[in-house]
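Right, one structure below, let's go through it.
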Amino acid sequence: MTNEILDNINLPKSLLVLGNGFDLSCGLPSTYKEFLNYTLDKKVYNDDNNLFNHVKEGIELYLNELNYERYSQEEVSKRLDNKYLFIQDLNLWYIVFLYKNMIHNSEWFLIEDQIADELLNDKDSLNIVKRIADVILSIYSPYNRRHYRYPKYRFVGNNSSQFKFYQLLAYCLINKDLQKLSSKSRAVFKELRDKVTSFIEEYNEIYEGTHFKASREEMFEKKILSELIPLIAEALLTELNEVELDFKDYLEESIEERGDEYLENAELYTRNILAPIMSDRGYNEIQPFNILSFNYTTPWEKKSNDIFQKLYDSINVHGMISNDEGIIFGMDDGKLETSQEEFIFSKVSRTLELYTKSNHISTFNDILVPSINNIIFYGHSLSIADFGYFRLIFDKYIDNDEVNFYFTYRVYTGTTEEKQRSQLIKGISRIF
């Protein structure tokens with residue numbers, strides 16, 4: 001047998017594409033909803049049995065009882081019950097998720113979907129960054145002026161409650177306790193606050209007395225776009241970094257609590273997924289395979305079982321908890337222009353940063369090798385947010401008649417096989 005034939009035998013025959021359903025099947029409580037409940041419980045001192053209600057009561061108080069345009073920070077603090085003062089130091093993204101819950105958004109806990117929803121421009125060309133930039137100055141602007149810069153967002157859609165929400169985010173952004181932040185985050189927020197201070201001084205000069213000039217107002221609005229918005233975007237990304245670190249810590253603790261059980265389940269499910277496909281292809285045993293994981297976990301690293309000794313190569317596209325570089329949440333880059341300040345939240349931008357500072361060896365080209373003739377999706381919602389990754393796979397193999405695509409699923413408690421199959425077919429249709 002020639003070396004070439006031997007090499008071909010040892011090359012991977014399958015690509016296993018894993019989503020969060022794989023970790024759930026293995027007994028890991030890795031849903032965002034479980035994570036948010038656990039994390040908020042750690043961050044918020046609460047003697048109430050219902051943590052979410054406690055936090056939402058605090059947010060509602062900030063929204064309904066406070067007039068940010070009339071009250072100073074000291075006055076705001078005086079008007080609040082002490083047990084709700086934690087709100088202004090709470091991570092802004094946690095406030096966003098819980099606000100979505102308050103307005104009955106059924107997908108409030110889907111972190112990446114909500115990030116995308118906030119960052120994409122709406123029909124009025126506004127998103128969370130522009131809204132916060134627009135209302136920040138209104139917090140500090142007295143009414144007794146002849147001329148006054150009305151926030152544009154106030155009059156868009158005529159939704160006063162939503163406007164108050166972004167006022168709350170702006171207020172928290174400016175008044176968060178810097179001493180509770182990491183040194184990196186502190187520097188970002190300090191730069192933002194210094195910029196806001198200089199803007200307020202210029203703002204007061206433009207709108208004071210009888211010296212108002214429309215041309216200066218126009219220049220001021222342009223400066224908001226070019227100087228203030230990039231700093232707000234960076235501050236929101238810094239807040240997202242904290243959420244990512246919280247999720248990393250949560251997963252590590254969850255795995256440690258389960259000991260070998262999680263690893264054993266991961267080995268068992270991997271075998272159960274691959275064995276029938278290998279049999280259908282005429283193999284008596286599982287052949288070498290690659291893993292493309294959308295999870296942050298790597299139960300195959302120890303290779304303690306025969307099944308993972310067959311693993312040829314793997315990649316975690318959004319980072320892994322076993323690395324110091326961290327993990328990322330993001331949104332599909334196809335919906336953002338590279339020139340937008342918000343592009344720093346895109347998966348392309350964030351994964352590029354991740355792999356630049358990481359010692360990852362494998363790339364997509366290493367994983368998507370020509371020898372693969374089985375592509376198996378398991379536990380993935382086939383979200384359109386990940387379409388960019390699917391496209392790489394399809395472009396590589398869709399015209400190869402030797403390649404079969406397998407979409408597998410598990411029926412969980414509380415659902416039915418028909419419902420699971422229907423959801424999977426919908427996802428398949430969408431991405432194809």
Side-chain angles (χ1 to χ4, degrees), residues 32 35-36 39-40 42-44 59 86-99 111-120 127-136 139 165-199 224-250 296 318-319 321 323-331 333 336 340-358:
Y32 290 145
F35 155 67
L36 289 169
T39 300
L40 289 170
K42 285 182 64 177
K43 289 181 178 291
V44 178
I59 293 175
F86 70 89
I87 293 294
Q88 70 185 45
D89 291 322
L90 193 60
N91 186 290
L92 264 70
W93 289 110
Y94 292 141
I95 295 176
V96 168
F97 304 145
L98 289 173
Y99 175 74
I111 291 177
E112 291 189 320
D113 288 355
Q114 293 303 338
I115 291 170
D117 184 58
E118 287 297 323
L119 288 168
L120 292 176
N127 60 24
I128 186 173
V129 181
K130 296 183 179 71
R131 287 176 180 133
I132 289 176
D134 189 41
V135 303
I136 268 184
I139 295 174
F165 170 63
Y166 290 102
Q167 272 196 321
L168 168 60
L169 295 183
Y171 176 83
C172 294
L173 205 62
I174 300 304
N175 294 298
K176 187 186 291 285
D177 186 352
L178 297 184
Q179 299 308 311
K180 296 180 180 180
L181 303 176
S182 67
S183 57
K184 179 183 175 182
S185 299
R186 198 178 306 137
V188 171
F189 277 84
K190 179 68 167 55
E191 184 180 6
L192 171 61
R193 292 183 188 184
D194 289 345
K195 178 61 67 175
V196 169
T197 299
S198 68
F199 264 74
I224 291 177
L225 291 174
S226 63
E227 297 182 21
L228 188 59
I229 280 181
L231 293 178
I232 293 172
E234 188 176 359
L236 288 174
L237 182 58
T238 300
E239 291 283 89
L240 183 57
N241 292 156
E242 181 189 332
V243 178
E244 292 162 347
L245 182 59
D246 288 342
F247 193 56
K248 180 176 183 290
D249 291 342
Y250 170 72
Y296 308 104
H318 298 145
I321 60 176
N323 263 11
D324 293 334
E325 288 76 15
I327 63 175
I328 64 168
F329 297 133
M331 57 181 293
D333 58 289
L336 293 171
Q340 288 180 248
E341 295 298 335
E342 296 80 9
F343 192 75
I344 60 175
F345 291 88
S346 72
K347 288 184 176 178
V348 162
S349 174
R350 307 225 48 219
T351 53
L352 180 60
E353 179 186 5
L354 181 70
Y355 287 106
T356 298
K357 65 182 182 180
S358 172

Verify, without hydrogens or angle tests, whether [X] (side chain) and [Y] (backbone) share a donor-acceptor contact under 3.5 angstrom.
X	Y	result
Trp93	Asn241	no
Lys190	Ser185	no
Gln167	Val135	no

Measuring from [X]:[atom1] to [Y]:[atom2], what's the distance to the nearest 0.5 Å?
X	Y	atom1	atom2	answer
Ile174	Phe189	CD1	CZ	9.0 Å
Ile59	Ile95	CD1	CD1	5.5 Å
Lys130	Leu225	NZ	CG	8.0 Å
Arg131	Ile232	CZ	CD1	13.0 Å
Leu120	Ile115	CG	CD1	11.5 Å

* To do: Output all residues satisfying ring pair (Phe, Tyr, Trp, His ring centres under 6.0 Å) with Tyr166, sequence neighbours left out; order by chain, then residue number.
  => Tyr153
* Asked: Please walk me through it: do Glu227 and Phe199 pass side-chain contact (heavy atoms from CB on, under 4.5 Å)?
  -> CA-CA 10 Å; Glu227 297 182 21; Phe199 264 74; 4.0 Å; yes
So [Y] and [X], do their side chains get closer than 4.5 Å, heavy atoms only?
X	Y	value
Phe35	Val243	yes
Glu234	Leu192	no
Ile229	Ile132	no
Thr39	Tyr94	yes
Asp249	Leu245	yes
Ile128	Val96	yes
Val196	Leu231	no
Lys248	Tyr296	no

Minimum-distance pair of heavy atoms, taken over all atoms of [X] and [Y]:
X	Y	value
Ala235	Leu173	CB-CD1, 4.1 Å
Leu178	Arg193	CG-NH1, 3.4 Å
Pro230	Ser226	CG-O, 3.4 Å
Phe329	Ile111	CD1-CG2, 4.0 Å
Leu228	Lys195	CD1-CG, 4.1 Å

* Asked: For Leu98 and Leu40, what are the C-alpha separation, side-chain angles and deciding distance, and is it a side-chain contact (heavy atoms from CB on, under 4.5 Å)?
  -> CA-CA 10 Å; Leu98 289 173; Leu40 289 170; 3.7 Å; yes
* Run the numbers on Ile327 and His318 for side-chain contact (heavy atoms from CB on, under 4.5 Å), then give the verdict. => CA-CA 6 Å; Ile327 63 175; His318 298 145; 5.9 Å; no
* Scan side-chain atoms only and decide if Tyr32 and Asp113 contain a donor-acceptor pair under the 3.5 Å cut-off. => no
* Can you name the salt bridge (charged side-chain N to carboxylate O under 4.0 Å, His left out) partners of Glu242, sequence neighbours left out? -> Lys43
* Where does the angle between the aromatic ring planes of Phe247 and Tyr250 fall among parallel (under 30°), tilted (30 to 60°) and perpendicular (over 60°)? -> parallel
* Asked: How would you list, by chain and number, every residue that makes a side chain to side chain donor-acceptor pair (under 3.5 Å) with Asp89, sequence neighbours excluded?
  -> Lys180
* Asked: Does the side-chain contact (heavy atoms from CB on, under 4.5 Å) test come out yes or no for Cys172 and Leu92, once each step is laid out?
  -> CA-CA 8 Å; Cys172 294; Leu92 264 70; 4.0 Å; yes
